[in-house]
Number of protein chains: 2
Amino acid sequence: MESIPTGIDSIIYFRVMSKPTKVTIQDIARFAGVGVGTVSRVLNGHPNVSPETEANVRKAIEALGYRPVVAAQTLRTRRSNVIGFITDEIATSPHAGQIIRGAQEAAWKGGKILLLVNTQWDPELEQAAVETMIDRQVDGLIYATMYHRPVTPPEIMRQIPSVLLDCFTEDASLPSVVPDEFNGGYEATKLLIERGHQRIGFINNTDPIPAQRLRMKGYCAALESYDLPFDEALVVERKSEPKGGYDGMMVLLDLPDPPSAVFCFNDRMAMGAYDAIRQRGFRIPQDIAVIGFDNQELIAANLYPGLTTMQLPHYEMGIWAVEYLLSMLETSEKDDFKQECSPPQVQLKCPLVLRDSV
Amino acid sequence: MESIPTGIDSIIYFRVMSKPTKVTIQDIARFAGVGVGTVSRVLNGHPNVSPETEANVRKAIEALGYRPVVAAQTLRTRRSNVIGFITDEIATSPHAGQIIRGAQEAAWKGGKILLLVNTQWDPELEQAAVETMIDRQVDGLIYATMYHRPVTPPEIMRQIPSVLLDCFTEDASLPSVVPDEFNGGYEATKLLIERGHQRIGFINNTDPIPAQRLRMKGYCAALESYDLPFDEALVVERKSEPKGGYDGMMVLLDLPDPPSAVFCFNDRMAMGAYDAIRQRGFRIPQDIAVIGFDNQELIAANLYPGLTTMQLPHYEMGIWAVEYLLSMLETSEKDDFKQECSPPQVQLKCPLVLRDSV
DNA sequence: CTGTTAGCGCTTTCAG
DNA sequence: CTGAAAGCGCTAACAG
C-alpha cells in the first residue's frame with residue numbers, strides 16, 4: 001500500500017524537486033525581525049550581538065534553510081576562500097594523488113577549497129592559469145611539481161601569497177617545501193651499514209636533478225660517519241629505469257670485490273637490480289641487500305622479497321604547503337601582505353619503509 | 001654598468017611591484033568615452049556593437065590592463081564557470097591522475113575550471129562538499145570514483161547538472177561513463193584465440209564488482225564466438241593482487257591439461273602469474289601467453305617481457321564526463337535544466353596495449 | 001547601435 | 001548592541 005503515490009505525496013515531491021527560490025539574508029532578517037546587518041554579524045561570528053537576538057537569527061536561518069551566496073561575499077570582501085593549485089603534470093606519477101590529497105585535506109580543514117589546473121608543462125597555460133586564478137581572487141597559490149626540481153614560476157604569481165611544492169626557485173625568493181634528499185640518502189646508507197655491510201654499492205640516476213646530487217651526498221656522508229672508505233668503483237650511474245638498475249647492478253657484480261649491499265636511486269632501478277641479482281644466482285637479502293627510494297607501492301610492495309625503501313613525503317608536503325599558505329594569509333590580514341623575512345625553504349624527512357630486502 | 005640601478009629603474013620597479021589598483025569596467029568606459037553597457041557588450045561578444053566602438057573599447061581594455069572580477073560576474077549571472085569535481089579517493093591509484101587530467105583539459109577548453117574535493121569515502125564530507133559547491137554556484141558536478149562501481153551519490157547533487165565518472169547508479173538516473181569491461185574481456189580473449197590458443201585460462205578477481213562479472217562474460221562470449229568450449233576448470237578466482245595471480249596460475253599449471261595462455265583480471269595478478277610461470281620453468285610467451293588488464297604502466301611496462309594488457313580509458317572518461325556536462329549546460333540555457341529523456345549510460349572501449357607477453 | 005539604470009547578495013561603516 | 005545605507009563590479013533590461 002505504501003508504494004502507491006497519493007495526491008499529497010505528489011505535491012510534496014513536486015515541492016521538493018522544484019528549484020528552491022534562493023533565500024537571502026534579507027529574508028531571514030525579515031523573518032527574525034532584525035536588520036540585515038545583524039544577520040550578517042551572527043553569520044560572521046561578530047562579538048556585539050545579544051544572545052537572544054543571535055538565537056532568533058539562527059532559528060530563522062535554520063527555518064528558512066539559508067545558505068550564503070559565496071559570490072556576493074567574495075565580491076564584497078575580496079576573499080574567495082579558494083586556494084589555487086597548479087601542477088605541471090598530474091598523470092604519470094602515482095605521487096600526484098598523495099600531494100593533492102594532503103593539500104586538499106589541509107585546505108578543507110582551513111575552510112578553503114582547491115581550484116585545480118594542470119598545465120602539462122606548457123608555460124603559456126601556466127601563465128593563463130595564474131591569471132585566471134587571480135581574476136577569481138584566490139586567497140593564495142600552490143605551485144606543485146611532480147618531482148623535486150628548480151623552477152621559474154610566472155612572475156605574476158608574486159602578486160599573491162604563493163608557495164612552491166616539491167620545487168624551489170634558485171634564489172629562494174618564494175617559500176618552498178621539498179623532500180630531504182640528503183637525509184634520505186644518508187639514512188638509507190646508514191641502515192645498510194648498521195646491518196653490517198661494509199662495501200655498499202650505489203646505483204645512481206644520470207639526470208642532474210637535486211635528488212641525484214643530494215642522495216649521493218647523503219651516501220657519502222653516511223660512509224664517512226662510520227669511517228668506511230669511499231670507493232668510486234662502487235658508484236655507478238644509469239638511466240633511472242629498471243634497465244638502468246639491471247645494468248648498473250651487473251657492473252657492480254662484476255667487480256673483483258663486489259658489494260654485499262646496494263642502494264638504488266629509486267624503486268624502479270631496484271626492480272632491475274633484483275633481476276640482475278637473481279640472474280647471477282644470488283639471494284636477496286642473504287647474499288645482497290637492496291634498498292630503494294620513492295616507495296612506489298605498486299613496485300616496492302609487490303616485488304619479492306618486499307623492497308625496503310625510503311618514502312617521499314608527498315602527502316606531508318601537500319599539507320605543509322597549504323598550512324604555511326594559510327599562516328601567510330593570517331598574518332597578511334593585518335600587515336597587508338608583505339614578506340617580512342626571507343621565505344622558508346623547508347625540507348621534509350623521507351621516512352624509512354622496512355620490508356624484506358635488507 | 002647596466003646592473004647599477006638608476007633612479008628611473010627604481011621608479012619603474014616600484015610601479016610594477018606596487019599593488020595595481022583594480023581597474024573596473026567603469027574606468028575603461030570613461031577612458032574609451034562610452035557607457036559601461038557598451039563595454040560589457042564587447043566583453044561578452046554581443047552582436048550590436050559598431051566595429052569602431054569595439055576597437056576603441058578593446059584599446060582601452062588593453063591600455064589599462066583590465067581584468068574582469070569573476071565574483072561580480074558570478075553574482076550577476078549566477079554562473080561561475082566552475083565545475084565541481086568530487087572524488088572518493090584520489091591517492092592510491094595512478095589512474096586518478098589520468099581521470100583528472102582528462103577532465104581538467106576538457107574543462108579548460110570549455111572555459112571552465114575545476115573545483116576539487118577528495119572525500120576519502122566519507123559520506124558526510126561528500127554531502128558537505130556538494131553543498132559547498134552549490135553555494136559557490138558551480139555550473140555542474142562530476143562525481144568520480146577510482147574504480148568502476150555502483151554508487152548512491154548525495155541526493156542534493158540532483159539539483160544541478162551532474163555526471164558520474166567511472167561509476168553509476170543502479171537506477172541509471174544520472175548520466176554516467178564507465179569502461180566497457182565486457183568488450184575488454186572479449187577483446188583480450190579474442191587476441192589470445194587469434195594467436196592460436198585453444199585452451200585459455202582466466203584468473204579472475206573475487207570481489208563482486210562490475211569488472212569481475214563483465215570481464216568474465218566477455219571471456220565467455222569470445223570463446224563462444226570462436227566455437228571454443230568453455231571449461232570451468234580453466235577459470236579460477238583469487239584476490240586481485242600478485243599473490244592471487246601466483247596462486248591462480250599454479251592451479252592452472254597443475255591441471256592435467258593446462259592452458260597455453262592466460263587472461264588475468266589485472267596487471268597485478270599478471271605479475272604474480274609471471275612468477276608462477278617462471279618458477280615452473282615455462283617461458284612467456286613461448287610456452288604460456290599472458291594478457292593483463294588496466295595497463296598500469298609501472299607494472300606492465302616494467303615486467304619482463306613487457307605485459308600485453310587492456311587499457312582502462314581513464315583519460316577519455318574524464319574528457320567525456322566534462323564534455324557531456326558542458327553539453328547539458330548548453331541545452332539547459334534554454335530549457336531551464338530538465339532531463340528530457342533518460343540519461344546516457346556510456347561505456348568506453350578499453351584499447352589493447354600490445355607488448356611482448358602474448 | 002548605445003547610455004543609463006537597477007539591482008545580484010552581502011559586508012561594513014555610521015549613527016543612533 | 002542594532003538598523004539603515006552605501007556600495008563591491010558587473011550584466012541586462014529599457015529607453016532612446
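Reminder, nothing fancy here: chain letters follow the sequence lines and each chain counts from 1.
Minimum atom distance to the side chain of B/T53 is reached by C/dC1, of the listed C/dC10, C/dC1, D/dT11. Nearest to the side-chain atoms of B/V36 among the listed nucleotides D/dG9, C/dC10, C/dT4 stands C/dT4. Across D/dT11, D/dC8, D/dC10, the shortest atom-to-atom separation from the side chain of A/L75 is found for D/dC8. Listed nucleotides: C/dT11, D/dT2, C/dT2. Nearest to the side chain of B/V49: C/dT2. Across D/dT2, D/dG9, C/dT12, the shortest atom-to-atom separation from the side chain of B/K22 is found for D/dG9.
Contact annotation: A/Q26 does not reach the phosphate of C/dC10 (side-chain N/O to OP1 or OP2, under 4.0 Å). Between B/R78 and the phosphate of C/dG9, there is a side-chain N or O to OP1/OP2 separation shorter than 4.0 Å. Residue B/S40 has a polar side-chain atom (N or O) positioned under 4.0 Å from OP1 or OP2 of D/dT11. Taking only side-chain nitrogens and oxygens, B/Q73 never comes nearer than 4.0 Å to OP1 or OP2 of D/dG9.
Residues B/T38 and B/T77 both approach DNA chain C. Their nearest nucleotides, taken by heavy-atom distance, put B/T38 toward the 5′ side. Nearest-nucleotide positions on DNA chain C place B/N48 closer to the 5' end than the other of A/V70 and B/N48. Of the two residues near DNA chain D, B/R41 and B/Y66, the one whose nearest nucleotide lies more 5' is B/Y66.
A/L43 has its CG atom 12 Å from the P atom of C/dT12, to the nearest Å. Between B/R30 atom CZ and C/dT4 atom P there is a gap of 12 Å when expressed in whole angstrom units.
Listed for the A/D139 side chain is a donor-acceptor partner under 3.5 Å among the backbone atoms of A/S80. Of the possible donor and acceptor atoms, one in the side chain of B/K22 sits under 3.5 Å from a partner among the backbone N and O of B/R67.
A donor and an acceptor atom, one from each side chain of B/D88 and B/T119, are nowhere located under 3.5 Å apart. A side-chain N or O of A/R101 and one of A/Q98 form a donor-acceptor pair less than 3.5 Å apart.
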